[in-house]
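Structure, as structure tokens:
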Amino acid sequence: MGPDNALPEYPRPQLTRDKWQNLNGVWEFARADAGQAVPAGQSLNERVLVPYPIESALSGIQRHEDRMWYRRTFTVPKTWGVGSGQRLQLHFGAVDYDAKVYVNGTLVATHRGGYDGFDADVTDALAGTGPQELIVWAEDLTDATGQPIGKQRRTSDHGIFYQGSSGIWRTVWMEPVPAASISGLTTTPMWPAVRCR
């Protein structure tokens, strides 16, 4: 596991698309303050390996932060036809706990909940055809608030507890989709009637 193979497989096998780009890997990282302005156009001092919680050794950070910034750039392949009938979807497998996502300084998504995925159509925030700036703000106050935490604790309560897991901790990827596209499936099994004797 490392910067060149950080969960490289397509993360949603039931709805696989041929064209997609994995955004896992080394991102810029910095501790954030409440109410701090988005650091658009600014480099961040540290590096983090996405998608691993910042408390983990794999992330390269290995400490807890209540609030944090992630930053990277990406380029949309011209062959995807984004802006010419195709839209660009940005997907996050999970960010713990509150997240705000900015593309080129424009807020494109907010999400609350550390265990489920979310996505955003970022087409209208793209700037030309070159590198695009992606910034994610994440806040995880763990057991200092009423947010669901499972067994995560800041300090031991003399019972069963786990170290907190903050920030981006599941795959980030992007893909082109038509304006009308399938975003999810709901399946209902049809069991044959069975008679009990």
Looking only at heavy atoms, the pair that brings Q36 and D33 closest together is OE1-N, 2.9 Å

(message) Go through it in stages, so that I can follow the logic: the residues are W27 and L44, the test is side-chain contact (heavy atoms from CB on, under 4.5 Å), and I'd like the CA-CA distance, side-chain angles, deciding distance and then a yes or no.
(response) CA-CA 9 Å; W27 292 41; L44 305 179; over 6 Å; no

### Query
Is there a donor-acceptor contact under 3.5 Å from the side chain of Q132 to the main chain of G130?
yes

Requested in this report: Kindly indicate whether the side chain of W169, heavy atoms from C-beta on, has any atom under 4.5 Å from the side chain of F92.
Outcome: no

Sorted by chain and residue number, the side-chain hydrogen bond (donor to acceptor under 3.5 Å, both in side chains) partners of R170 (sequence neighbours excluded) come out as none

Scanning both residues in full, the closest heavy-atom pair of G105 with A40 reads CA-CB, 4.4 Å

Would you kindly confirm whether W20 and F74 end up in one hydrophobic cluster when ILVMFWY residues are joined by side chain heavy atoms under 4.5 Å apart? no

Students often mix this up, so state it plainly: with edges at 30° and 60°, are the rings of Y70 and F29 parallel, tilted or perpendicular? perpendicular

* Hey, is the main chain of L15 close enough, under 3.5 Å, to the side chain of Y10 for a donor-acceptor pair? -> yes

- Item | R12 vs W173, side-chain contact (heavy atoms from CB on, under 4.5 Å): CA-CA, chis, key distance, verdict | CA-CA 10 Å; R12 194 184 55 200; W173 80 100; 4.1 Å; yes

Inset, instruction - Indicate yes or no for a side-chain donor-acceptor contact from N22 to the backbone of T171 under 3.5 Å, with no hydrogens or angles considered. - result: no

Legend entry - Verify same cluster id: I54, Y52 (apolar side-chain graph, 4.5 Å): no

Check for a donor-acceptor pair, side chain of N24 on one end and backbone N or O of V172 on the other, with a separation under 3.5 Å.
yes

- [ ] Would you confirm whether R47, through its side chain, and G60, through its main-chain N or O, come within 3.5 Å as a donor-acceptor pair?
- [x] no

Inset, instruction - For W69 and I135, run side-chain contact (heavy atoms from CB on, under 4.5 Å): C-alpha distance rounded to whole Å, both residues' side-chain angles, the deciding distance at 0.1 Å, then the answer. - result: CA-CA 7 Å; W69 293 110; I135 295 177; 3.6 Å; yes

Check your understanding: Would you say N5 has more than 12 foreign heavy atoms packed within less than 6.0 Å of its CG?
Key -> yes

Tightest non-hydrogen contact, residues K19 and E175, listed as O-CB, 3.4 Å

> Can you hop from V76 to V108 via hydrophobic side chains spaced under 4.5 Å?
Replying inline: yes

If you count heavy atoms of other groups shown closer than 6.0 angstrom to CG of N45, is the number above 12? no

With a 4.5 Å heavy-atom cut-off, do R67 and L141 have their side chains touching? yes

Tightest non-hydrogen contact, residues P131 and T75, listed as CA-OG1, 3.7 Å

*Would a distance-only check, ignoring hydrogens and angles, find a side-chain to backbone donor-acceptor pair under 3.5 Å from R87 to D121?*
no

- Query: Would you say the side chain of H111 lies within less than 4.5 Å of the side chain of V95, judging by non-hydrogen atoms?
  - Reply: no

Item to check | Shared hydrophobic cluster for L7 and V48 (ILVMFWY, side-chain gaps under 4.5 Å) | outcome: no

Taking every heavy atom of P13 against every heavy atom of T16, the minimum-distance pair comes out as O-OG1, 3.1 Å

- Could you go through the side-chain contact (heavy atoms from CB on, under 4.5 Å) check for L90 and L134 one step at a time? CA-CA 10 Å; L90 182 61; L134 171 59; 3.7 Å; yes

Margin query: Could you tell me if the side chain of M68 sits less than 4.5 Å from the side chain of W137, heavy atoms only?
Written below: no

hydrophobic_cluster_shared for L126 and V136, side chain cutoff 4.5 Å: yes

- Task: Please check if the side chain of D98 supplies one atom and the backbone of A138 the other of a donor-acceptor pair under 3.5 Å.
- Result: no

(Q) Can you see whether W80 engages Q21 through a side-chain donor-acceptor pair at a distance of less than 3.5 angstrom? (A) no

Sidechain-backbone polar pair: T123 side chain, L88 backbone, donor-acceptor under 3.5 Å:
yes

Student check: side-chain heavy atoms of E65 and S166 closer than 4.5 Å
no

So, the side chain of E133 versus the backbone of G41: is there a donor-acceptor pair under 3.5 Å, distance only?
yes

